[in-house]
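Below: the structure, in structure tokens.
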Amino acid sequence: MKRIYSDYAYGSGPRSGCWWDETIEAPEWPQLEGDLHTDVAIIGGGFTGVSAALHLAEAGISVALLEAHYPGWGASGRNGGFCCLGGSMISEKALSRRIGSNAASEYWQAEQDAVSFAEDLINRFDMDVDRHSNGETKLAHRPKDMEDLRKSAEAISASGVEPILIEKKDLAAHGLGGPFHGALTLPIGFGLNPRKYLFGIAEAAGNNGARLFRNAPVSDIKRLSETFQLTTPSGKVSARRVIIGTNGYSSEDIPDWLRGRYMPAQSNVLVTRPLTQEELDSQGWTSEQASYDTRNLLHYFRLMPDRRFLFGMRGGLQSSPQAEQRARANNRRDFEQMFPAWRNVESPHSWSGMVCIAKNRLPFVGQVPGHPGLYAGMAYHGNGVAMGSYSGMLLAELIQGRDRYPAAMKQPLATFPLASIRRIFMPPLYLARALADR
């Protein structure tokens with residue numbers, strides 16, 4: 001495998017201390033032993049992969065999923081658990097200018113459909129995912145950002161969705177105590193335990209006949225006459241179709257087409273011990289709303305049902321034990337600055353994971369150009385809970401000959417400039433975004 005970070009980023013170090021690991025045991029997927037033939041092979045056991053496996057298996061198509069490590073190892077088992085609108089990293093106006101207002105509207109509807117899809121999955125399989133929050137709340141960190149939120153509220157109301165605009169003077173009454181200048185709540189989305197959600201989908205996939213394997217990293221994909229051959233340390237898999245669902249943990253050569261077409265970026269999360277009611281009251285944050293602020297390098301946070309507080313931010317740009325510790329310290333620093341009453345509250349759980357960014361700032365779902373039978377779903381820009389699982393379903397449908405998703409998501413991933421050293425652009429980009437947040 002050829003990856004753009006050091007081996008440390010793809011090992012156990014960054015995910016050590018992940019709170020979700022304490023909440024539910026990982027299922028015991030078997031290891032692949034020997035050769036296997038299947039209709040569809042899936043590389044990656046995250047939201048995209050397990051959702052694709054479920055929907056293919058439900059259609060009676062034989063499917064084998066190959067996870068390089070163990071269930072929940074990657075971003076799907078260590079993210080912030082925000083099942084919300086998202087998947088792109090582009091404004092509505094910018095997208096409309098690029099592809100036209102009708103195509104842009106089609107894409108924004110897909111983001112809403114993704115949230116509804118995840119909710120339907122949870123209900124259909126009766127998953128216990130610690131769901132909470134009525135939509136998602138965006139908090140203005142500057143007065144001028146509140147002006148923008150007021151304009152957004154008007155535009156959203158005109159589209160038929162009823163947002164809730166909260167002025168600064170009313171934040172305390174909503175339990176949103178902090179250095180904010182107002183807020184806007186959209187009644188779409190919710191918080192959940194991502195590991196429980198992932199394992200719920202995986203269990204449903206297995207019950208429907210999907211074969212799920214752990215410790216099966218794919219080191220090579222070869223196109224034979226009618227099939228693909230995937231090589232793993234303990235066996236080979238031949239399949240008529242292949243889905244790549246590795247997202248921020250992709251390899252530059254699995255397949256070669258991916259080289260330079262995605263940008264992994266770190267995100268850090270901490271979780272506190274359970275907070276007492278007195279501690280919650282002292283800060284004035286008693287809401288269970290899944291929330292984030294208006295910064296370009298945003299912070300995301302929520303009070304979970306067990307009274308632990310989750311706080312995350314975009315993390316470091318280097319990968320080493322020392323860099324990881326610095327990123328975790330920065331996350332803790334920002335947590336204390338935003339919620340000063342909790343400076344002495346311990347956060348025993350802290351970890352990081354990779355999000356995936358595309359050059360055009362949109363998710364990609366579809367067939368890999370020039371490679372019939374090879375598909376990919378990736379680049380959710382830190383919002384893969386809903387969009388990742390939705391994309392897995394879309395890929396399953398695409399393999400069955402059904403194409404019902406937005407043109408914006410079909411645009412092939414473009415290559416980043418100076419692809420082999422593209423990470424050098426991240427520090428100045430982050431600096432520019434941080435300066436714009438002031």
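Numbers for residues simply follow the sequence, beginning at 1.
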Legend entry - Side-chain donor/acceptor of Glu111 to backbone N/O of Gly86, under 3.5 Å: yes
Legend entry - Rounded distance (nearest 0.5 Å) linking atom OG of Ser250 with atom NZ of Lys2: 15.0 Å
Legend entry - Aromatic ring proximity, centroids under 6.0 angstrom, Phe309 and Phe339: yes
Legend entry - Contact check, side chains of Leu184 and Ile156, non-hydrogen atoms, under 4.5 Å: yes
Legend entry - Trace of the side-chain contact (heavy atoms from CB on, under 4.5 Å) decision for Ser88 with Leu95: CA-CA 10 Å; Ser88 67; Leu95 185 59; over 6 Å; no
Inset, instruction - Please name all residues satisfying side chain to side chain contact (heavy atoms under 4.5 Å, CB included) with Glu25, sequence neighbours left out, ordered by chain then number. - result: none
Legend entry - side chain to side chain donor-acceptor pair (under 3.5 Å) contacts touching residues 186-206 (sequence neighbours left out): Asp21-Arg195, Thr23-Asn193, Asp130-Lys196, Tyr197-Ser389
Legend entry - Atom pair CG/CH2 of Leu303 and Trp285 - distance to nearest 0.5 Å: 9.0 Å
Only distances under 3.5 Å count here; give the side-chain donor-acceptor pairs of residues 162-169 to other protein atoms, sequence neighbours excluded, each with its distance to 0.1 Å.
unit_1: Glu167; atom_1: OE1; unit_2: Arg150; atom_2: NH2; d: 2.8
unit_1: Glu167; atom_1: OE2; unit_2: Arg150; atom_2: NE; d: 3.1

Legend entry - Test item: His181 and Lys144 side chains (from C-beta on) under 4.5 Å apart, heavy atoms: no
Inset, instruction - Flag yes if more than 12 heavy atoms outside Glu346 fall under 6.0 Å of its CD atom; otherwise flag no. - result: yes
Legend entry - Criterion salt bridge (Lys or Arg N to Asp or Glu O under 4.0 Å) on Glu279 and Arg307, from CA distance to verdict: CA-CA 10 Å; Glu279 288 169 331; Arg307 306 292 91 181; over 6 Å; no
Legend entry - Side chain Ser267, main chain Gly353, donor-acceptor under 3.5 Å: no
Legend entry - Set of residues satisfying side chain to side chain contact (heavy atoms under 4.5 Å, CB included) with respect to Ser234, sequence neighbours excluded: Leu32, Glu33, Thr232
Legend entry - Those residues that, when tested against Ala210, pass side chain to side chain contact (heavy atoms under 4.5 Å, CB included) (two or more places apart): Ala53, Ala57, Val63, Ala205, Leu212
Inset, instruction - Please check if any side-chain donor atom of Thr272 sits under 3.5 Å from a side-chain acceptor atom of Arg308, or the reverse. - result: no
Inset, instruction - Kindly write out the residues that satisfy ring pair (Phe, Tyr, Trp, His ring centres under 6.0 Å) with His299, not counting sequence neighbours, or none if the list is empty. - result: Phe311
Legend entry - Asp120, CG atom: more than 12 neighbouring heavy atoms under 6.0 Å: yes
Inset, instruction - Working to the nearest 0.5 Å, report the span between NE2 of His141 and CG of Asp293. - result: 6.5 Å
Legend entry - Whether over 12 other heavy atoms sit under 6.0 Å from Asn102 CG: no
Inset, instruction - Mind checking the CD1-CD1 spacing from Ile221 to Ile43? Nearest 0.5 Å is all I need. - result: 3.5 Å
Legend entry - Sequence-distant partners of His349, ring pair (Phe, Tyr, Trp, His ring centres under 6.0 Å), two or more places apart: Trp19
Inset, instruction - Please identify each residue that fulfils side chain to side chain donor-acceptor pair (under 3.5 Å) with Asp128, with sequence neighbours left out. - result: none
Inset, instruction - Indicate yes or no for a side-chain donor-acceptor contact from Asn79 to the backbone of Ser76 under 3.5 Å, with no hydrogens or angles considered. - result: yes
Inset, instruction - Would you tell me whether Asn331 and Arg328 have side-chain atoms, one donor and one acceptor, within less than 3.5 Å of each other? - result: no
Legend entry - Sidechain N-carboxylate O distance under 4.0 Å for Glu147, Lys151: no
Legend entry - Qualifying residues under ring pair (Phe, Tyr, Trp, His ring centres under 6.0 Å), relative to His69, sequence neighbours excluded: Trp73
Inset, instruction - Name all pairs fulfilling the side chain to side chain donor-acceptor pair (under 3.5 Å) condition that reach into residues 89-98, sequence neighbours left out, sorted by first residue then second. - result: none
Legend entry - Other residues, nucleotides, ligands: >12 heavy atoms within 6.0 Å of Lys410 NZ: yes
Inset, instruction - Using side chain to side chain contact (heavy atoms under 4.5 Å, CB included) as the criterion, list what pairs up with Asp148, not counting sequence neighbours. - result: Asp145
Inset, instruction - Return the orientation label for the Phe301 and Phe180 ring planes: parallel under 30°, perpendicular over 60°, tilted otherwise. - result: parallel
Legend entry - Listed partners of Trp257 passing ring pair (Phe, Tyr, Trp, His ring centres under 6.0 Å), at least two apart: Phe364
